[in-house]
Visitor: 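My questions all concern the structure below.
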Amino acid sequence: MTNSSASTPPISSLQTVMEVNNASIFYGTFKAVRDVSLDIYANKVTALIGPSGCGKSTLLRCLNRMNDLVPGARVEGQITYHGKNLYDKDVDPVEVRRRIGMVFQKPNPFPKSIYDNVVFGARVNKYKGNLDELVETSLRQAAIWDEVKDKLKQSGLSLSGGQQQRLCIARTIATRPDVILMDEPCSALDPISTLRVEELIQELKKEFTIVIVTHNMQQATRVSDRTAFFNAEATTKGNRAGYLVECNDTNVVFNNPKEQVTMDYVSGRFG
């Protein structure tokens, strides 16, 4: 049912890249996510699943400080990257976003050529290497080089939806991040394009650590090594606050979860 096999290394042998420690996320006075603790391991795909409104995407955006751009958003607790608190005052959020890249739900290529899309971040970061080589390497890693190598001067907007999403992945790869965050990267794609992106994720985890938000349970079982299930509960003010129910190897979460609510969700009884 899932690509996480019995040969998965024990947790103690895995390298921790990011740690979420008792983190709560607020929009103004509203606590959107409460008391989450979660480890992200190197060269693994961690899927965040759960019903709408449970805080999956909110947490994802906090992993590279994208929520800094939302007025009133703040984080209590700690989110660390290689042991460093990402929200310390001496941390540059621009550098955080270079090392922890983001691929969004809807493909968002810039209105530039395919070539300029790929090198955009590299140029911003004053990349000193060969840009032509960077473009080819990044597009190859994103499994789209053969489709676009003869039209690098054409607009990225001229590509199909699936190709645009792989171009955006190539653009993210080109900044040489350590971690790639993906917020429902296949939700706007057709089944064939979805399969291409899922196959790509399996290749990318050899070099990158990946965290993906998905509403597709089958996708979570196909692409992820570990799964974190989030749910939401009503607050005294009538809002719903997201919280982490459990996190474990994907085959455990889907076949033998600790909590009944997890089994109810992954078996389709709600959500």
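Since we're looking at a predicted model, the values are computed, not measured.
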Visitor: Within a radius of less than 6.0 Å around NZ of Lys84, do more than 12 heavy atoms belonging to other residues, nucleotides or ligands occur?
Guide: yes
Visitor: Assess Arg61 against Phe104: is NZ or CZ under 6.0 Å from the centre of the six-membered ring, and within 45 degrees of the ring's axis?
Guide: no
Visitor: Is the closest side-chain donor-acceptor distance between Tyr127 and Thr175 under 3.5 Å?
Guide: no
Visitor: Under the criterion side chain to side chain donor-acceptor pair (under 3.5 Å), which of Arg98, Arg99, His82 is the partner of Asp178?
Guide: His82
Visitor: Any luck finding a side-chain donor-acceptor pair between Gln219 and Thr214 under 3.5 Å?
Guide: yes
Visitor: With side chain to side chain contact (heavy atoms under 4.5 Å, CB included) as the test, would you mind laying out the steps for Thr262 and Val253 before giving the verdict?
Guide: CA-CA 7 Å; Thr262 308; Val253 170; 3.9 Å; yes
Visitor: Please confirm whether the backbone N or O of Phe110 pairs with a side-chain atom of Asn117, one donor and one acceptor, at under 3.5 Å?
Guide: yes
Visitor: Step by step, would you call Asn67 with Tyr27 a side chain to side chain contact (heavy atoms under 4.5 Å, CB included)?
Guide: CA-CA 10 Å; Asn67 261 17; Tyr27 295 110; 3.1 Å; yes
Visitor: Say whether, by atom type as modelled, one donor and one acceptor occur between the side chain of Thr221 and the main chain of Gln218 under 3.5 angstrom.
Guide: yes
Visitor: Should Glu233 and Arg34 count as an ion pair when the cut-off is N to O under 4.0 Å?
Guide: yes
Visitor: Output yes when Glu95 and Arg97 qualify as a salt bridge under the 4.0 Å nitrogen-oxygen rule, no when they do not.
Guide: no
Visitor: With distance as the sole test, does Asp88 use its side chain to make a donor-acceptor pair with the main-chain N or O of Val91 at under 3.5 Å?
Guide: no
Visitor: Between Asp190 (side chain only) and Ile192 (backbone N and O only), is there a donor and an acceptor less than 3.5 Å apart?
Guide: yes
Visitor: With distance as the sole criterion, is a donor-acceptor pair present between the side chains of Thr227 and Ser224 under 3.5 Å?
Guide: yes
Visitor: Do Asp132 and Tyr115 have side-chain atoms, one donor and one acceptor, less than 3.5 Å apart?
Guide: yes
Visitor: Give a yes or no on whether a salt bridge exists between Glu246 and Lys258, defined as a side-chain N under 4.0 angstrom from a carboxylate O.
Guide: no
Visitor: Check the side chains of Ser37 and Asn22 for a donor-acceptor pair under 3.5 angstrom, ignoring hydrogens and angles.
Guide: no
Visitor: With a 4.5 Å limit on heavy-atom distance, are the side chains of Arg196 and Leu189 in contact?
Guide: no
Visitor: Less than 4.0 Å between a side-chain N and a carboxylate O, is that true for Glu147 and Arg166?
Guide: yes
Visitor: Please step through salt bridge (charged side-chain N to carboxylate O under 4.0 Å, His left out) for the pair Arg176 and Glu207, ending with a clear verdict.
Guide: CA-CA 10 Å; Arg176 312 319 298 166; Glu207 184 171 345; 2.7 Å; yes
Visitor: Would you say the side-chain atoms of Asp39 and Thr16 include a donor-acceptor pair closer than 3.5 Å?
Guide: no
Visitor: Do the side chains of Val179 and Val36 join up, straight or via other hydrophobic residues, at under 4.5 Å, putting them in one cluster?
Guide: yes
Visitor: Stepwise, does the ring-ring contact (aromatic ring centres under 6.0 Å, His included) test hold for Tyr265 with Phe229?
Guide: CA-CA 9 Å; Tyr265 182 75; Phe229 168 56; 5.0 Å; yes
Visitor: Using a strict 4.0 Å threshold on nitrogen-to-oxygen distance, state whether Arg226 and Asp249 make a salt bridge.
Guide: yes
Visitor: Cation-pi check for Phe120 against Arg171: NZ or CZ below 6.0 Å from the six-membered ring centre and within 45 degrees of the axis, yes or no?
Guide: no
Visitor: Step by step, would you call Lys153 with Asp116 a salt bridge (charged side-chain N to carboxylate O under 4.0 Å, His left out)?
Guide: CA-CA 8 Å; Lys153 293 183 180 180; Asp116 286 337; over 6 Å; no
Visitor: Looking at Thr137 and Leu134, would you say the former's side chain and the latter's main chain have a donor-acceptor pair under 3.5 Å?
Guide: no
